[in-house]
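After the structure tokens below, expect a handful of questions from me.
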Amino acid sequence: MTSEHSRLAAALRELRAGAGLSLAALAARTPFSKSSWERYLNGKSLPPRQAVRELCRLANEPDERLLALWEITEAQWSGRAAAPAPVPSSDALPRPGHQERPPLSVRSLRKLGRSRLLVVLASAYTVIVGGVAVLLFLLLPDSEAREAGPPPASVPFSLAPQCHGAACEGRDPMRLICGIDPETLASYRTATGAHIELRHSKKCGASWARTWATEVGDRVDVTAGGPTHGVRIRTEDDTAVFVYTDMTEVRPGSTVRACFRPAAPDGERECFEARVGEVAGMARQK
């Protein structure tokens with residue numbers, strides 16, 4: 001199994017765990033069986049492109065990055081790739097969780113359209129060259145019916161948060177399963193039109209910020225009186241999806257503060273805050 005295939009399988013597992021989907025639920029809501037999903041998620045076989053799209057759809061997550069990673073993996077799997085292609089960094093992979101896709105402005109729609117065009121062109125190439133093999137794969141009887149023995153047991157997945165309090169400090173809220181059903185402490189819209197929310201997980205004892213409708217070069221920082229954790233918008237793709245800061249430890253009554261720094265050199269910093277345990281609302285600049 002190539003490193004790209006390993007990355008794809010890991011990303012699919014994270015997406016499935018973050019959405020809280022069992023193998024039985026995946027089999028019931030997609031054209032693929034439990035044993036097929038077990039093989040896809042554990043890297044035993046390469047999933048069809050449709051399976052990747054179906055999982056993204058069920059998890060309510062954008063599929064562009066995973067499909068781009070699938071294109072690279074499939075090219076190497078089929079032997080069409082003469083050399084390893086560049087792989088998206090871990091920051092570029094979709095984050096698990098079942099949040100809705102951020103509302104897009106006209107500017108974001110245009111940017112997203114350009115990145116989708118690249119994916120469509122890559123997909124068209126794959127269909128032309130490898131379409132016959134993929135079609136035969138999809139038309140073959142599901143191997144579950146032909147297996148002599150019982151289907152292999154699935155790898156257990158835990159939907160419980162993977163950290164709490166100080167152990168969450170500076171870590172990714174989505175990868176550590178803290179982003180399932182979080183509270184929104186406050187919402188804020190910047191002068192440039194970017195949106196920021198302060199999020200909080202009681203189970204993890206931590207808070208973080210998420211942002212969307214941003215510009216390349218924008219930065220968001222979050223702190224609760226301890227270390228400051230920030231995230232910078234680095235690519236055009238980042239401007240069309242949710243982007244998250246790392247977590248900061250909080251306790252009931254803690255004040256969480258987020259600050260936005262626009263990409264423009266003459267832009268002014270905007271900060272707002274919220275207290276853990278208070279009713280969420282639109283925040284005012286501090």
Side-chain angles (χ1 to χ4, degrees), residues 1-79 87-88 90 92-101 119 122-123 126-127 130-162 172 174-181 241:
M1 183 168 61
T2 65
S3 60
E4 288 77 13
H5 190 186
S6 297
R7 285 175 179 264
L8 177 63
L12 292 175
R13 289 196 300 270
E14 289 178 289
L15 198 60
R16 175 252 189 181
L21 294 166
S22 66
L23 292 177
L26 286 173
R29 299 168 68 179
T30 70
F32 309 97
S33 68
K34 286 176 61 177
S35 61
S36 294
W37 277 113
E38 189 274 336
R39 292 192 297 274
Y40 304 155
L41 294 170
N42 290 302
K44 296 177 182 178
S45 63
L46 180 67
R49 190 174 190 273
Q50 182 185 357
V52 177
R53 294 191 64 183
E54 288 290 325
L55 181 52
C56 291
R57 177 183 64 82
L58 292 175
N60 197 24
E61 287 287 341
D63 60 14
E64 287 85 359
R65 290 176 178 81
L66 270 184
L67 289 179
L69 181 56
W70 181 89
E71 298 287 350
I72 297 170
T73 306
E74 192 277 334
Q76 294 190 339
W77 181 277
S78 63
V87 181
S90 59
L93 290 176
R95 312 267 184 162
H98 60 284
Q99 288 89 352
E100 71 285 359
R101 189 168 182 171
V119 174
S123 301
T126 300
V127 170
V132 175
V134 173
L135 181 60
L136 289 175
F137 178 85
L138 292 175
L139 292 178
L140 285 174
D142 189 271
S143 58
E144 183 180 29
R146 297 183 281 109
E147 290 175 350
S154 61
V155 175
F157 292 95
S158 172
L159 296 180
Q162 303 298 300
D172 189 326
M174 310 309 289
R175 294 186 183 276
L176 296 187
I177 321 298
C178 293
I180 297 180
D181 296 325
V241 296

(request) Without swapping roles, check the side chain of W70 against the backbone of P47 for a donor-acceptor pair under 3.5 Å. (result)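 Judged by distance alone, yes, a pair lies under 3.5 Å.
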(message) Tell me whether S36 contacts the main-chain N or O of F32 through its side chain, where contact means a donor paired with an acceptor under 3.5 Å.
(response)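 Looks like no, no N/O pair under 3.5 Å.
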(request) Evaluate the side-chain proximity of L26 to E54: yes if any heavy-atom separation is below 4.5 Å, no if none is. (result)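 No. Closest side-chain heavy atoms not under 4.5 Å.
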(message) Quick check for you: to the nearest 0.5 Å, what is the distance between E14 atom CD and E61 atom CD?
(response) 11.5 Å
(request) Mark yes or no for whether R13, through its side chain, and L41, through its backbone, hold a donor-acceptor pair below 3.5 Å. (result) yes
(request) Please lay out, stage by stage, how R29 and L21 fare under the test side-chain contact (heavy atoms from CB on, under 4.5 Å). (result) CA-CA 10 Å; R29 299 168 68 179; L21 294 166; 3.6 Å; yes
(request) Measure from the side-chain N and O atoms of N42 to the backbone N and O of K44, and report whether any donor-acceptor pair falls under 3.5 Å. (result) no
(message) Before you tell me yes or no, could you show the steps for L15 and L66 under side-chain contact (heavy atoms from CB on, under 4.5 Å), namely the whole-Å CA-CA distance, both residues' side-chain angles and the distance that decides it to 0.1 Å?
(response) CA-CA 10 Å; L15 198 60; L66 270 184; 3.8 Å; yes
(request) Tell me, with the steps shown, if R16 and L23 meet side-chain contact (heavy atoms from CB on, under 4.5 Å). (result) CA-CA 9 Å; R16 175 252 189 181; L23 292 177; 3.6 Å; yes
(request) Give the minimum heavy-atom separation between C56 and P62, together with the two atoms involved. (result) SG-O, 4.1 Å
(message) Under the criterion side-chain contact (heavy atoms from CB on, under 4.5 Å), I'd like the reasoning laid out for T30 against L58: C-alpha separation, chi angles, the key distance, then a yes or no.
(response) CA-CA 9 Å; T30 70; L58 292 175; 3.7 Å; yes
(message) In the structure I gave you, are the side-chain heavy atoms of L46 and L8 within less than 4.5 Å of one another anywhere?
(response) yes
(message) To the nearest 0.5 Å, what is the distance between NZ on K34 and OG on S22?
(response) 7.5 Å
(request) Answer whether the closest heavy-atom distance between the side chains of W37 and L55 falls below 4.5 Å. (result)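 In contact.
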(request) Taking all heavy atoms of S45 and all of H5, pick out the closest pair and write down the distance. (result) O-NE2, 3.6 Å
(request) Answer yes or no: is there an ion pair linking E71 with R49, defined by an N-O contact shorter than 4.0 Å? (result) yes
